[in-house]
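So that the names make sense, note that chain A is the first sequence line, chain B the second, and so on, each numbered from 1. These numbers come from the heavy atoms of this one structure, side chains and all, not from hydrogens, waters or symmetry mates.
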2 protein chains.
Amino acid sequence: MGTTSKALSLLELFSRATPEIGLSEIARRAGINKATAHRLLGELAAHGFVEQVGPARSYRLGPAFLRLAALREASVPMRDAVRGVLRSLSDVTGETAHMSVLHGSVLDTIAYSYASAHGTQVRMEDAEKLLLHATSSGLAVLAWSAPDFVERVLAGPLVKRTPDTLTDPGEIRARLAPIRARGFAVSVGGFEADVHSHAVPIFDSASAPMGALAVAAPSARMCPDLAALIQGELLEKGARLTRLLGGFAPASFPAPQAA
Amino acid sequence: MGTTSKALSLLELFSRATPEIGLSEIARRAGINKATAHRLLGELAAHGFVEQVGPARSYRLGPAFLRLAALREASVPMRDAVRGVLRSLSDVTGETAHMSVLHGSVLDTIAYSYASAHGTQVRMEDAEKLLLHATSSGLAVLAWSAPDFVERVLAGPLVKRTPDTLTDPGEIRARLAPIRARGFAVSVGGFEADVHSHAVPIFDSASAPMGALAVAAPSARMCPDLAALIQGELLEKGARLTRLLGGFAPASFPAPQAA
DNA sequence: CCGGGCGGTTCATTATTTGAACCAAAGGTT
DNA sequence: AACCTTTGGTTCAAATAATGAACCGCCCGG
């Protein structure tokens with residue numbers, strides 16, 4: 001791994017749960033020397049990627065991301081399209097909708113939308129990184145991924161997040177064909193207990209799955225009617241989002257109008 | 001300069017005008033070897049900071065900024081506050097409002113808002129980086145900056161962007177005291193010809209100027225009434241924004257209610 | 001069919017990164 | 001108040017990683 005990668009990986013340490021971290025803690029979590037961490041953070045800070053704050057001189061993500069995210073949006077409008085789709089999904093289904101994009105072998109949640117209807121909602125604040133084998137979003141992505149990528153994921157350690165998490169490679173592999181046939185994936189309590197979620201893949205311009213659109217509901221509220229509603233909405237909105245982002249569903253993807 | 005800084009500075013090459021750049025072009029503009037650029041871009045790409053696109057394999061800013069900008073917003077809510085203030089500023093004044101933050105010795109424009117009123121508007125798309133000596137925003141920041149920082153800026157090369165750009169260190173120095181007394185800075189055609197702009201500084205939690213809030217109007221439309229309106233609005237909205245961002249105006253800052 | 005541009009790769013040379021040991025300062029505990 | 005631990009930050013010789021000229025194969029226009 002290059003020096004630059006080490007520096008960039010320091011940025012991965014920040015999360016909603018830990019938005020500010022001290023020097024020693026960063027070095028410890030990243031598994032690098034304190035002096036090295038200090039120098040790398042200095043370089044990141046010079047470019048506005050991190051900044052120091054407070055009397056403890058803790059580090060947090062810097063202001064450069066405002067500018068760069070705006071620039072990214074200018075060249076690849078995505079946020080607005082995603083937001084609109086999520087809003088309408090959560091409105092219609094009355095449940096939490098979220099979108100995540102593939103990053104290495106995990107899914108990063110980039111946006112979510114809560115419904116105003118119910119008191120209980122599946123919350124997404126603490127689910128920034130989704131595991132491919134443990135979520136409906138992950139299964140949706142795997143189902144349309146290249147076989148060697150799937151095998152690499154299934155070969156790696158499959159963390160058992162909950163008692164219901166699928167960790168048997170064979171079982172997961174067997175689930176992918178039905179997902180491909182129906183166009184969406186389902187997970188019941190695989191990531192968080194008592195959460196029933198549906199997901200459809202979103203494709204890029206090369207027809208490769210680049211992420212997933214999902215609706216998560218409390219298991220207690222799931223029923224055939226709600227499931228049918230969510231599935232129909234996801235297939236329709238997923239197809240629309242893929243188009244909005246300039247992507248194409250592969251020819252093998254089931255036609256959305258097939259009810 | 002460290003290796004990491006070189007990699008990060010590649011990100012500065014992207015702009016609204018050039019959102020996608022090829023490998024050779026990147027190496028040329030950054031003044032580094034093609035092989036080096038290739039390796040650095042590879043590391044950036046592995047973390048989602050850039051991505052390759054199209055048959056030409058050009059590079060553009062990557063999707064990681066969506067996630068990181070969202071995280072930055074979660075720890076330092078800024079964008080929403082800025083947006084709201086800008087919107088109301090451009091509505092009330094009928095002119096273009098913009099916000100920029102200090103980054104080294106330039107100002108990065110992070111957001112702007114156009115008014116719906118006039119056909120002619122000062123456009124901000126091509127003004128991502130503002131020079132401190134040539135803009136009202138820059139003068140507003142300089143007026144409340146530490147003397148050694150001011151001297152360092154005035155010592156450096158002062159680019160003459162237009163015939164009206166101030167480039168005499170002595171003259172600029174002399175302008176800062178009146179700015180401090182009134183609370184806002186003015187620039188007439190110093191950055192773009194025929195643009196008349198006003199700006200107030202925005203302060204951070206240490207009462208240091210972290211950026212500026214500005215209103216830019218075509219010179220032809222400027223008159224005493226409009227100037228008075230803009231000045232009053234800027235002082236009020238600037239004070240509010242400083243507070244919204246968790247900052248504090250220094251004791252020396254003129255009270256906004258002093259009409 | 002020939003340049004000349006492109007993206008990407010190789011490998012010996014070189015300069016940069018690295019980390020143990022070291023500060024001074026700031027709590028916590030006895 | 002003496003002590004221990006941990007904090008952010010610094011130093012410098014040793015070791016590792018970055019570097020760039022030359023090199024592909026490719027595609028496009030002449």
Side-chain angles (χ1 to χ4, degrees), chain A residues 1-15 17-63 75-76 104 146 148 204-206 208, chain B residues 1-15 17-63 75-76 104 204-206 208:
Chain A
M1 194 200 306
T3 311
T4 302
S5 280
K6 267 182 209 144
L8 295 182
S9 66
L10 295 185
L11 298 173
E12 310 280 339
L13 299 177
F14 298 94
S15 67
T18 57
E20 297 183 8
I21 323 182
L23 173 62
S24 299
E25 186 66 17
I26 289 177
R28 214 174 297 125
R29 294 197 193 193
I32 64 179
N33 189 281
K34 205 169 47 165
T36 303
H38 184 249
R39 189 172 41 80
L40 296 179
L41 286 167
E43 300 206 49
L44 289 171
H47 289 263
F49 283 74
V50 299
E51 65 182 3
Q52 285 182 279
V53 68
R57 304 205 169 227
S58 291
Y59 293 84
R60 71 177 175 200
L61 293 178
S75 74
V76 190
D148 63 334
D204 65 17
S205 57
Chain B
M1 193 202 304
T3 311
T4 302
S5 281
K6 268 182 208 141
L8 295 182
S9 66
L10 294 185
L11 298 173
E12 310 280 339
L13 298 177
F14 299 94
S15 67
T18 57
E20 296 183 10
I21 322 182
L23 174 61
S24 298
E25 186 66 19
I26 289 176
R28 217 174 295 124
R29 294 197 193 193
I32 62 179
N33 187 281
K34 205 170 46 164
T36 303
H38 180 61
R39 188 172 41 80
L40 296 180
L41 286 166
E43 301 206 50
L44 288 171
H47 289 263
F49 282 73
V50 299
E51 66 182 2
Q52 287 182 279
V53 68
R57 308 206 165 213
S58 291
Y59 293 85
R60 70 178 177 199
L61 293 177
S75 74
V76 189
D204 65 16
S205 57

**Message:** Quick check against the 3.5 Å criterion: does B:E51 have a side-chain atom that pairs as donor or acceptor with the backbone of B:G62?
**Reply:**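 Here the side-chain-to-backbone pair does not exist.
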
**Request:** Without swapping roles, check the side chain of A:Q52 against the backbone of A:R57 for a donor-acceptor pair under 3.5 Å.
**Result:**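 At least one qualifying donor-acceptor pair exists.
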
**Request:** Report the nucleotide, chosen from D:dA21, D:dA18, D:dT7, that has the shortest atom-to-atom distance to any side-chain atom of A:S24.
**Result:** D:dT7

**Message:** Students should find this one: the first and last nucleotides of DNA chain C, 5' to 3', lying under 4.0 Å from a heavy atom of chain A. What are they?
**Reply:**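 Terminal contacting nucleotides, 5' to 3': C:dT17 to C:dA20.
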
Whole-Å distance between [N] [atom2] and [X] [atom1]?
X	N	atom1	atom2	answer
B:L8	D:dA18	CG	C1'	16 Å
A:N33	D:dT10	CG	C1'	12 Å
A:E20	D:dG8	CD	C1'	15 Å
A:I32	D:dT16	CD1	C1'	15 Å
A:I21	D:dT7	CD1	C1'	15 Å

Kindly give the heavy-atom pair with the smallest separation between [X] and [Y], and that separation in Å.
X	Y	answer
B:H47	A:S9	CE1-N, 3.8 Å
B:L11	B:F49	CD2-O, 3.9 Å
B:A30	B:L10	CB-CD2, 3.5 Å
A:V50	A:L41	CG2-O, 3.6 Å

**Message:** Among residues at least two apart in sequence or on other chains, which ones pass side chain to side chain contact (heavy atoms under 4.5 Å, CB included) with A:E20?
**Reply:**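 Once residues adjacent in sequence are excluded, the partners of A:E20 under the side chain to side chain contact (heavy atoms under 4.5 Å, CB included) criterion are A:V53, A:S58, A:R60.
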
**Prompt:** Can you list, by residue number, the residues of residues 34-44 of chain B that have a non-hydrogen atom closer than 4.0 angstrom to DNA chain D?
**Reply:**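 Contacts with DNA chain D under 4.0 Å: B:A35, B:T36, B:R39.
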
**Asked** Can you find a pair of side-chain heavy atoms, one from A:K34 and one from A:H38, that are under 4.5 Å apart?
**Response** no

**Message:** Does any part of the side chain of A:I26, heavy atoms only, come nearer than 4.5 Å to the side chain of A:I32, both counted from C-beta?
**Reply:** no

**Complete:** When A:T4 and A:Y59 are each assigned the nearest nucleotide of DNA chain D, the 5'-most assignment goes to A:Y59

**Item:** 5′-ward residue of the pair A:K6/A:A56 relative to DNA chain D
**Value:** A:A56

**Request:** Pick base, sugar-phosphate or nothing for B:E25, based on heavy-atom distances below 4.0 Å to the nucleic acid.
**Result:**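 B:E25: no heavy atom of the nucleic acid under 4.0 Å.
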
